[in-house]
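Read through the structure below, which is laid out as structure tokens, and then see the notes.
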Amino acid sequence: MRVQSVAVDGPSGAGKSTMAKRLAEQLGFLYVDTGAIYRTVGLYVQRQGVDCGDAAQVTALLPQIHIELRHEADGLQHMYLEGEDVTQEIRQPLISRCASQVSAIPAVRAFLMETQRALARQHNVIMDGRDIGTVVLPQADVKIFLTAAPEERARRRYAELLERGVSTDYDTVLRDLRDRDEQDTARSAAPLRQAEDAVLVDTTGRSLEESFAWLLREIEERLGT
Ligand code: DC
């Protein structure tokens, strides 16, 4: 059987993971959150006491990192670092910033490329990230670029962090989000950008629910299912 892939790219807080997770469930595809992989590298770098922006030192750590991605019985993707489940810990704002910094280092991107491509060779996947439609899976069957205004993304992210018990405030979340947008878009290695053949979905002023129904139809049509 030929496997199929759906790429979902877009800036932080656009609702990619919520959307992709639900779409995957509906389509019976494997959901792959590539941001979580970069976050796990970021956590490791932090734990080693290395500056996340120091390309040479971060690159030197790569051969010794032991990262695993497992899809567990709860249907969710769990991240393991040296055998420890760090799925929750990698969501801390400090790790978000570090992940954005390490993801700008070409050696880090090259190091994680094969893991991502191998998953797409073995399974029907919905993969979310920043460069899935442009670099990781340029032959993806369907490409989605999901976005929303920064203020709206910050509101959603803030609510999500509060729910998880992370203490922060809206202005800090908005500032962090703008910084990460700038970092993810301006970097020279696989910057965030919409693939030419991607479907643009702007969820500003719309609930994810509304966009979900529309996207599901669009994807099913394009996949021919
Ligand atoms: O999607 P996220 O917020 O969990 O991603 C964390 C960081 O990882 C984000 O700032 C950019 C980076 N990233 C990337 O460069 N390429 C990807 N495919 C996924 C994430």
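Just so you know, ligand 1 is whichever comes first in the structure, and atom 1 is the first atom listed for that ligand. Keep in mind that what you see is a predicted model, and the values were worked out from it rather than measured.
- Of the N or O atoms in Gln116, none lie within a sub-3.5 Å distance of an N or O in ligand 1.
- The closest heavy-atom contact to atom 14 (C) of ligand 1, among the options Gln101, Arg130, Gln183, Arg157, comes from Arg130.
- Looking only at heavy atoms of the protein, atom 8 (O) of ligand 1 is closest to Tyr38 CB, 3.6 Å.
- Between Arg109 and Asp131 there is a salt bridge, since a side-chain N of the basic residue sits under 4.0 Å from a carboxylate O of the acidic one.
- Protein heavy atom nearest atom 12 (C) of ligand 1, with residue, atom name and distance: Ser103 OG, 3.4 Å.
- Every atom of ligand 1 is numbered from 1 in the order shown, and the set under 4.0 Å from a heavy atom of Gly129 is 17 (C), 18 (N), 19 (C).
- Salt-bridge check for Arg130 with Asp184: passed, with a basic side-chain N closer than 4.0 Å to an acidic carboxylate O.
- Under 4.0 Å from ligand 1, the heavy atoms of Arg180 that appear belong solely to its side chain.
- Atom 16 (N) of ligand 1 has Arg109 NH2, 3.0 Å as its closest protein atom, hydrogens excluded (heavy atom only).
- With a heavy-atom cut-off of 4.0 Å, Arg187 touches ligand 1 through its side chain alone.
- For a threshold of 3.5 Å applied to N or O pairs, the pair formed by Asp33 and ligand 1 contains no separation below that value.
- Between Lys16 and ligand 1, no N or O atom pair is found at a separation short of 3.5 Å.
- Between the side chains of Thr147 and Arg153, no donor-acceptor pair of N or O atoms lies under 3.5 Å.
- Checking Gln183 against Ser100 by side-chain atom types alone, a donor-acceptor pair falls below 3.5 Å.
- Considering only non-hydrogen protein atoms, atom 20 (C) of ligand 1 sits nearest to Gly35 CA, 3.5 Å.
- Using a 3.5 Å distance cut-off with no hydrogens or angles, the side chains of Thr203 and Arg156 do pair a donor with an acceptor.
- Residue contact check: Asp184 has heavy atoms under 4.0 Å from atoms 9 (C), 10 (O), 11 (C) of ligand 1.
- Residue-environment remark: CD (Glu196) stays at or below the threshold of 12 foreign heavy atoms within 6.0 Å.
- Side-chain contact check for Arg117 and Ser5: no donor-acceptor pair (N or O, by modelled atom type) lies under 3.5 Å.
- With respect to atom 19 (C) of ligand 1, the closest heavy atom belonging to the protein is Thr34 OG1, 3.3 Å.
- Side-chain polar atoms of Glu82 and Tyr44 form no donor-acceptor pair below 3.5 angstrom.
- The one candidate from Arg39, Arg91, Lys16 that meets the salt bridge (Lys or Arg N to Asp or Glu O under 4.0 Å) condition with Asp33 is Arg91.
- Only the side chain of Arg39 comes within 4.0 Å of ligand 1, judged by heavy-atom distances.
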